[in-house]
Amino acid sequence: MKRMSGAEVRQSFLDFFASKGHLIVPSAPLVPVGDPTLLLTNAGMNQFKNIFLGLEEPKHTRVADAQKCMRVSGHLNDLEEVGPSPYHHTFFEMMGNWSFGDYYKREAIRWAWELVTEVWGMEKDRLWATIFEDDQGDLPTDEDARGYWQTETDVRHDHILTFGRVDNFWAMGPVGPCGPCSEIHYDRGPEYCDKQDEPGHVCGVNGDCARYLEFWNLVFIQYNRDADGVLVELPAKHIDTGMGLDRVTTMSQGVVANYETDLFQPIFHRVQEMLGHSDEEVRENKVPYRVIADHGRGITFLVGDGVIPGNEGRNYVLRMILRRAARFGRKLGFTGPFLGQVAETVIDMFGGHYDELVRRKEFILNVIRQEEERFQRTLDVGLSILDEIMERLRDESETSIPGVEAFRLYDTFGFPLDLTRDVAAEHGFAVDEAGFQDALEEQRARARAAQQFVVSDVEELEVYARLADELRNQGHLGPDGVEHPYDQTLELESIVLAIVRDGEVVSSAREGDEVEIVLAATPFYVESGGQVSDTGILARYDDERDEPQWEVDVEEMRQPVPGLIVHVGRVTHGRPRVKDPAWALVDAARRVDIARNHTATHLLHSELRYILGEHVQQAGSLVAPDRLRFDFTHGAMLTQEELDAVEQSVNDAILANYPLLAEEKSYQEAVAAGAMALFGEKYGDEVRVIEIGVPGEPFSQELCGGTHVRHTGEIGLFRIISEGSVGAGVRRIEAVTGRAAQQVVQKRLGVLDAAATHLGTAPEEVDRAVLRLMGESHDQQKEIANLRRQLARLEFETLLNRVQQVNGVQVLAERVQATDTETLREMTDWLRNQLGSAVIVLGAVIEDKPNFVAAITPDLVERGIKAGNLIKQVARVVGGGGGGRPTLAQAGGRDPNRLDEALELVPGVVADLVDGT
Ligand SMILES: [Zn+2]
Ligand SMILES: [Zn+2]
């Protein structure tokens with residue numbers, strides 16, 4: 001076989017299929033678009049799923065691509081395989097060619113053979129083909145495929161083998177599209193067998209050694225399996241093929257493992273260079289090197305598609321693999337962040353084909369660096385929690401860390417099991433790994449339960465899929481579905497095509513019913529790209545428009561399956577029926593508010609990039625009628641100066657009253673012209689670009705399907721109301737425009753006017769007046785404190801005059817004013833110092849409760865008067881208790897009205913105590 005770089009393999013695959021009339025489409029993002037059942041894109045066919053399910057019409061019937069994929073189930077065990085095993089990866093690329101009801105088995109087989117033998121020069125003797133023969137005896141053997149292998153190719157006939165359902169039958173799920181497949185295997189030669197030492201081992205296709213490699217799977221989507229498990233032959237049959245780029249590159253470069261190809265090696269070299277390792281050291285540390293190479297690719301591509309580390313779903317997957325890579329880096333000897341350099345290498349390696357990596361380079365490096373630093377802190381926290389656990393166990397004479405604790409560390413703090421194991425071992429502890437696995441299994445069961453729920457959602461979708469099919473067959477829906485002139489149209493007359501109530505298609509509805517209504521055409525915008533749906537009404541008017549026969553309040557819009565738009569709402573009046581004429585009226589004032597916020601969002605995005613730098617990328621957006629929310633990548637909090645500058649320049653752009661232009665362009669053309677494409681959006685070939693600025697020289701160009709004002713001046717006013725952080729390297733600005741901005745300004749000016757009135761000054765003078773008041777208030781506080789001190793001194797002097805003599809002991813028992821017990825103690829101290837030898841009991845009502853402090857000088861303690869005993873007897877009167885040292889004690893009680901009565905007891909108690917000696 002010809003020797004090629006990974007990039008050459010990829011490009012020659014795409015070029016080959018382009019020459020066979022295929023449209024080469026870009027990879028869909030790793031974040032699946034419009035598919036809530038999927039965490040991450042994990043197969044080449046994901047982005048075509050709706051076509052196979054018959055929910056979406058293909059725009060082209062022959063397509064080929066190289067698709068970014070991630071397989072990380074979130075299960076610890078699978079991930080732990082990456083590194084120790086040379087075959088497991090998280091990120092990989094799947095190349096595929098597709099026919100949607102176009103060519104079938106004959107061409108798929110002929111072209112596959114042509115590519116691998118003629119273009120790539122694979123030796124024919126080394127190639128094997130497999131076809132389907134049902135091991136359960138229900139389905140026919142795929143004789144068509146066998147025939148084409150024999151007539152369309154010159155593969156050796158004894159190299160065509162049959163296999164059963166496990167190897168050669170493919171299904172999308174328990175129900176849905178499925179069919180037989182045909183695989184191509186490559187015999188690398190006996191020297192590649194890694195089981196030569198095992199007695200009885202025989203190498204073979206679909207065997208268990210490394211000699212024969214399956215590298216291309218051609219799936220013939222022939223049937224649809226219905227809910228009863230019955231296979232129904234499809235009218236339009238499809239081709240779906242998948243070839244792992246890593247594997248073919250490994251074969252082409254004549255190496256044993258994927259890690260040895262140029263799809264991984266540059267990362268090894270970069271790490272080696274950073275650590276100054278010898279080649280020998282690299283070999284000795286192959287597991288950490290592999291982990292860093294594999295995970296380094298994964299995290300770079302994930303962040304490149306807008307995923308940010310977090311604690312749920314795909315965000316958690318990213319965090320998990322990033323931390324695993326960081327941890328293995330520490331094992332290798334890195335003491336600081338290093339994954340940024342790894343990511344740079346990955347961007348150099350793959351940026352040529354996946355240009356989003358280059359465009360988002362700064363963002364990618366920033367997010368990775370911040371998460372790596374955060375992980376260092378997590379490690380510290382985890383270690384201290386582990387210390388606490390071990391300390392407690394030591395007290396309980398336990399020697400094993402419970403599985404639930406290890407799991408909690410793993411699940412909550414991202415603290416990996418093997419790290420827990422290492423640290424535990426250092427301190428002489430074991431880890432209950434079975435308990436850990438149980439806890440993990442429980443979590444998986446919960447995850448599976450959640451998955452089931454999603455499946456039932458999919459079944460619910462079938463109602464709409466069937467409805468869309470029916471309407472299409474009856475000619476009511478165009479090829480693109482419901483006619484949808486949403487941009488500048490706010491009302492139009494249409495016809496009711498369908499009514500859905502409680503998940504069932506019905507022919508009419510009554511007043512009060514919650515319904516979903518499908519019209520043949522609608523001007524209502526359906527939530528997308530962050531812009532919320534329109535609201536409004538549907539109504540049937542016969543003659544006079546102000547007397548509707550029936551009316552529906554539309555609260556929400558949905559597109560449950562492509563092309564079918566439903567108005568969700570309540571019948572407020574009358575009885576809507578299918579086939580009724582109906583007016584669709586968008587709430588126009590609300591729509592204009594939304595448009596203002598949407599256009600302002602574009603201005604904000606562009607000004608942020610201008611003022612903060614090109615690293616600013618949109619990371620999320622909400623466009624509602626009352627406000628806009630914009631999340632963007634930026635490493636630091638915005639200063640007040642930056643916020644002021646951003647607000648000012650957005651308002652400048654509004655005042656300049658720039659026109660807006662919506663243009664349809666090809667995706668390539670738009671991006672080449674500098675239009676900003678957003679994370680996580682799947683774009684067709686034709687995209688809509690919103691340009692703002694002087695025509696021909698727009699300063700803002702974004703791919704966008706939303707609604708906008710015609711000129712920026714219509715926005716009126718833009719005001720930022722908050723700025724904050726929403727995660728590593730991502731900031732959030734909330735702002736208002738138009739009416740809402742006016743309200744904010746009006747409200748604040750109102751407050752200012754009121755304050756001015758209260759202050760008896762002009763609004764412009766308010767701040768000065770407030771400063772003056774604050775100054776005065778400060779002076780008065782000082783004065784008050786002074787007076788208080790004088791008062792206190794006077795009070796103390798009065799108190800000293802109240803000292804009584806009880807059997808030769810000076811006794812002072814008085815009520816005083818104090819705001820807390822601390823003050824009460826200080827007063828007692830001061831009096832004790834003044835009196836030299838005395839029993840002092842002070843009482844005060846603090847927060848409606850009686851409180852006492854008793855102080856006894858040491859000479860009197862020796863005479864048997866203990867503060868604790870004394871105060872207990874006193875406090876009993878007010879229903880309380882207390883205690884303390886012999887020289888100082890404190891007590892509280894419940895009844896403040898009996899405070900004086902309690903204090904009056906003191907001389908008597910002292911007399912008793914002194915007598916008692
Ligand atoms: Zn073998
Ligand atoms: Zn937009």
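Start at 1 and go down the list; that is how both ligands and their atoms are numbered. All heavy atoms count here, side chains included; hydrogens, waters and symmetry mates do not. The chain is numbered in sequence order, starting from 1. None of these values were measured; they are calculated from a predicted model.
Scored by the side-chain contact (heavy atoms from CB on, under 4.5 Å) test, Val709 finds Ala595, Arg596, Thr599, Leu660, Glu714, Ile715 as partners (sequence neighbours excluded). In terms of the ring-ring contact (aromatic ring centres under 6.0 Å, His included) criterion, Phe92 has no residue partners (sequence neighbours excluded). Checked against side-chain contact (heavy atoms from CB on, under 4.5 Å), Leu655 has no partners two or more places apart in sequence or in another chain.
Around the Zn ion (ligand 1), protein N, O or S atoms at less than 2.8 Å comprise Cys193 SG, His201 NE2, Cys203 SG, Cys209 SG.
Expressed to the nearest 10°, the angle at the Zn ion (ligand 2) joining SG in Cys704 with NE2 in His598 is 100°.
For CZ of Arg156, the number of neighbouring non-hydrogen atoms (other residues, nucleotides, ligands) closer than 6.0 Å is greater than 12.
In summary, His708 places no N/O/S atom under 2.8 Å from the Zn ion (ligand 2), failing the contact criterion.
Side-chain rings of Phe632 and His605 stay apart, their centers remaining 6.0 Å or farther from each other.
Across all their heavy atoms, Ala600 and Phe718 have their closest contact at CB-CD1, 4.1 Å.
Closest approach between the Zn ion (ligand 2) and any N/O/S atom of His602 involves NE2.
Electrostatic pairing of Asp487 and Arg688 counts as a salt bridge here, judged by a charged N lying under 4.0 Å from a carboxylate O.
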